[in-house]
Q: 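Handing you this structure, nothing more for now.
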Amino acid sequence: MRPFSYARPDSLDGALAELAGNQGAPDASAAPVRPVAGGTNLLDLMKADVMRPTRLVDITRLALRGITETGDGGLRLGALSTNAETAWDERVRARYPLLHKAILAGASAQLRNMATNGGNILQRTRCYYFYDTATPCNKRAPGSGCGALTGVNRIHAILGASEHCIATHPSDMAVALAALDATVRVAGPGGERAIPFADFHRLPGDTPHRETTLRPEEVVTAIDLPADNLARHSTYLKARDRASYAFALVSAAVALELEDGVVRGARLALGGVAHKPWRDRDAEALLVGKAPGRAAFAAVADAVLRDAKGHGHNTFKIGLARSVIVRAFEEAAGLEPS
Amino acid sequence: MTHPPQGPIPLTLAVNGRELALHVAPWTTLLDLLRLHLDLTGTKKGCDHGQCGACTVLVDGTRINACLALAVMQDGKSVTTIEGLSRGDELHPLQAAFIEHDAFQCGYCTPGQICSAVGMLAEGHAEGPDDIREQMSGNICRCGAYPNIVRAIGEVMGAGR
């Protein structure tokens, strides 16, 4: 690890003062001063020499821990609450079982004990070429090319990718948050603002080094979950190479609102297939008014995957995604997998 | 804007019940502090990237990967390593169970396995062998001693209920 300097502010204002010099950096991930909390992804990337901050700001003394009621039936997840604290919170389990399941599908128990909610959604791709500084990567070294496009790309994106980057977002938690229409709360020099989850992560386009809409001088303070009626018919299904402790090849966070045997609302977010958790609201709308069943679910899958594109090794993901979507909806609806 | 690297930073830490006043460079991981500065080499460096679990220790009773934790961020906390689990010559029940069930071959992953199991039992979310396999998945055993690891932990878990 390259040497760096260290600050440990005890207030949000103190942390924001440390980050003020980051203004103008192309992306929060590339800023010279980085907040650190769980550190599980940042320190790994610093050891790999992929991230090279010159100063770390330890934000763990800030009052951003805890899970609280929002006042309108939702929950506020503190940015510094750990993934484990969040997953095992009784209110999360009862009201957002989809989130409970998604968090526990990710990483290991040790990592979930360290990793924070703010850090989880800011974690970076596990693309081999992003990690390997001897290879080209437009995300790590803008303009250098993409090693994955014609390289080993079994784990890479099939939706929303570009000729500049086919990396995927690795988080399981973020896939659930996308399905739940969460809001990311951030604080910066100008005060607080709220970012709808769908707008938090970017697609790669021709600037894959710009990963989120978080500004380099801002910190994530909380993630808000809105009240909903989705708990009863929801699930998170993850297909991976091992039974535990592996990133998703494809995952699906699904939820249904059912009334008198008819779908009134549907949510579907996919993980492992794109640069961000993948939502397709037009495809979800196809289910409304339908009776839940394999044919209706397959039609949604076909719509979501209409523009899916494989790159060789990862082409199997298109068929896998179709199966995962259908089976996840069947589970959520309480139907036997067909 | 760049910042010059910083010299050693003061750090107080309780390690296996012993209060220590130290100075460490900010980029020192808890793992390197334990092994290189404190000569507590029971905690192992496997992958050094949070993937293998060999470096698992307990911080304030919670299991973490020491390789991905900065030492300076543990200021004021209490660390327990494999060296701190026994009471004198009396082994921790998990240590005894690992021996009883032959839950290792080379032994390199064992300190991490045992510390992880101590943390898992404290978390209290495991009820049977499937839960043990899932919740211990952050500890890799290259020798493949998993069946006996699960048995050893299962025995201690059953005794605690």
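Sequence lines set the chain letters: A, B, ... in the order given, protein chains first and strands last, and positions in each chain run from 1. Here the structure is a predicted model, which means the values were calculated and not measured.
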Q: Let's test your reading of the structure: which of A:T60, A:D44, A:L104 forms the most heavy-atom pairs below 4.5 Å with chain B?
A: A:D44
Q: What is the ring orientation for A:W88 with B:H125, classed by angle as parallel under 30°, tilted 30 to 60°, or perpendicular over 60°?
A: parallel
Q: Specify which of B:A25, B:G53, B:G119, B:A69 makes the most heavy-atom pairs with chain A at under 4.5 Å.
A: B:A69
Q: Select one option (side chain, backbone, both, neither) describing which atoms of A:T40 are under 4.5 Å from chain B's heavy atoms.
A: both
Q: Quick one: closest heavy-atom pair of B:P4 and A:S5, and the distance?
A: O-CB, 3.4 Å
Q: Any idea which heavy atoms bring B:E134 and A:A243 closest together, and the distance?
A: OE1-O, 4.2 Å
Q: Heavy-atom distance under 4.5 Å to chain B: side chain of A:L56, backbone, both or neither?
A: side chain
Q: Check whether A:R61 gets within reach of chain B through its side chain, its backbone, both or neither, counting any heavy atom under 4.5 Å.
A: side chain
Q: Quick check: does any side chain N or O of A:Q110 sit under 3.5 Å from a backbone N or O of B:N65, one acting as donor and the other as acceptor?
A: no
Q: Are any side-chain N or O atoms of A:R8 and backbone N or O atoms of B:V72, one a donor and one an acceptor, separated by less than 3.5 Å?
A: yes
Q: With a 4.5 angstrom heavy-atom cut-off, is it the side chain or the backbone of B:I64 that approaches chain A, or both, or neither?
A: both
Q: Assess whether atom CZ of A:R93 is packed by more than 12 heavy atoms of other residues, nucleotides or ligands within 6.0 Å.
A: yes
Q: State, to 0.1 Å, how close A:Y6 and B:P26 come at their nearest heavy-atom pair, and which atoms those are.
A: CB-CB, 3.7 Å
Q: State which residues pass side chain to side chain donor-acceptor pair (under 3.5 Å) with A:R95; sequence neighbours excluded, sorted by chain then number.
A: A:E69
Q: Mind checking the OG1-CG spacing from B:T56 to A:N113? Nearest 0.5 Å is all I need.
A: 10.0 Å
Q: Measure the CG-CZ distance between A:L111 and B:R63 for me, rounded to the nearest 0.5 Å.
A: 10.5 Å
Q: Which one of B:D75, B:N139, B:L68, B:L70 has the most heavy-atom pairs closer than 4.5 Å to chain A?
A: B:L68
Q: Considering only heavy atoms, which portion of A:A37 lies under 4.5 Å from any heavy atom of chain B: side chain, backbone, both, or neither?
A: backbone
Q: Indicate yes or no: at least one non-hydrogen side-chain atom of A:K47 is less than 4.5 angstrom from one of B:C67.
A: yes
Q: Please flag which part of A:A84 lies under 4.5 Å from any non-hydrogen atom of chain B: side chain, backbone, both or neither.
A: neither
Q: Measure the spacing between OG of A:S108 and CE of B:M136 and express it to the nearest 0.5 Å.
A: 10.5 Å
Q: Tell me if a side-chain donor or acceptor on A:D58 pairs with a main-chain N or O of B:M73 at a distance below 3.5 Å.
A: no
